[in-house]
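Comments concern the structure below.
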Amino acid sequence: MNQKLNLYQFTVIFSLFFSLMGFSYNVWRMEITEHNSNVRTACFEMLLELAQLQQLVYTAHYDQDLKLGSPRVGWVKVGLIEDLSSLTDESVIKQSQQLTQVWSTQWENMADSEAAANRIIEQVDEVRAEIKTLLVSLN
């Protein structure tokens, strides 16, 4: 009888331990999944904004249309890209901040200077590359 009681207690303790471990893993996995989902959403939104910023620069430089290629719209897009980057990782944040810096020094000349337009586009491509790297690394 004593042996059955010990076996029963061991079974109860093992079952409780096993269920707590399973619950803990499930909570951890859900947290990771939610984080990755938020990062993916931010990255996809950033890619859309980067494409629109690139189109804006091309419109301002090659079409000489400062209505559709408005620097004010560009400032909003650059700001949004930097804001969204806070939901990603350090490398994307760094590249987004650098995009803001490049934009702030080159936006006035983008319509007239191919070098300025190219510098902005190069930095857009750098941010895009970091985003793609981050997306591939998510599990």
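If you're wondering where the values come from, they're calculated on a predicted model, not measured in any experiment. The figures here come from the full heavy-atom set of this structure, side chains too, leaving out hydrogens, waters and symmetry mates.
Minimum heavy-atom separation, W103 to P71: CZ2-O, 3.6 Å. For M110 against A60, the heavy-atom pair with the smallest separation is CE-CB, 3.8 Å. Shortest non-hydrogen contact noted between L66 and A111 is CD2-CB, 3.9 Å.
In summary, the side chains of R128 and Q95 do not present any donor paired with an acceptor at a separation below 3.5 Å, with no hydrogens or angles considered.
Inter-residue side-chain proximity for M46 and S96 is flagged as met; some heavy-atom pair is nearer than 4.5 Å. Counting heavy atoms from C-beta on, the side chains of I131 and F44 never come closer than 4.5 Å. Contact check for Q64 versus D112: side-chain heavy atoms found under the 4.5 Å cut-off. Taking 4.5 Å as the limit, some side-chain heavy atom of E114 sits within range of a side-chain heavy atom of H61. In this structure the side chain of V27 reaches within 4.5 angstrom of the side chain of F23, judged on heavy atoms. Side-chain contact between R40 and L135 is present, with heavy atoms from C-beta onward closer than 4.5 Å. Looking only at side-chain heavy atoms (C-beta outward), V78 and E49 stay at 4.5 Å or farther from each other. Considering only heavy atoms from C-beta on, L68 stays 4.5 Å or farther from Q55 through its side chain.
Atom CZ of R29 has more than 12 neighbouring heavy atoms from other residues, nucleotides or ligands inside a 6.0 Å radius. Crowding of Q3 atom CD: a count of heavy atoms from other residues, nucleotides or ligands under 6.0 Å not exceeding 12. Within 6.0 Å of CD on E90 lie no more than 12 heavy atoms contributed by other residues, nucleotides or ligands.
In the hydrophobic clustering of this structure, I93 does not group with L87; members are Ile, Leu, Val, Met, Phe, Trp, Tyr whose side-chain heavy atoms approach within less than 4.5 Å, directly or through other members. Residues W75 and V124 are members of one and the same hydrophobic cluster, defined by side-chain heavy-atom contacts under 4.5 angstrom among Ile, Leu, Val, Met, Phe, Trp and Tyr. Taking hydrophobic clusters as Ile, Leu, Val, Met, Phe, Trp and Tyr residues chained together by side-chain heavy-atom distances below 4.5 Å, L53 shares a cluster with L47. Linking ILVMFWY residues whenever their side-chain heavy atoms come closer than 4.5 Å, directly or via other members, leaves L50 and V76 in distinct clusters. Note on L134 and L48: separate hydrophobic clusters, where clusters join Ile, Leu, Val, Met, Phe, Trp and Tyr whose side-chain heavy atoms are under 4.5 Å apart, directly or indirectly.
To the nearest 0.5 Å, atom CD1 of residue I81 and atom CD of residue Q52 are 9.0 Å apart. Taking CG of L138 as the reference point, atom SG of C43 lies at 7.0 Å (rounded to 0.5 Å). Summarising the geometry, atom NZ belonging to K77 is positioned 13.0 Å from atom CD belonging to Q54; distances are rounded to the nearest 0.5 Å. Between the CD atom in Q123 and the CG atom in N118 there is a gap of 13.5 Å [rounded to 0.5 Å]. The CD atom of E34 sits 9.5 Å away from atom CG of N36, with the distance rounded to the nearest 0.5 Å.
Under the 30°/60° scheme for interplanar angles, the aromatic rings of Y25 and W28 are found to be tilted. In this pair, Y62 and Y58 present their aromatic rings tilted. The plane angle is within the 30 to 60° band.
A side-chain donor-acceptor contact under 3.5 Å links T88 to the backbone of S85. Side chain of T41 to main chain of S37: a donor-acceptor pair is present (N/O by atom type, distance under 3.5 Å, no hydrogens or angles). D65 places a side-chain N or O within donor-acceptor distance of the main-chain N or O of K67, the cut-off being under 3.5 Å.
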- Item | Stepwise side chain to side chain donor-acceptor pair (under 3.5 Å) test for E130 and S91 | CA-CA 7 Å; E130 284 299 324; S91 62; 2.9 Å; yes
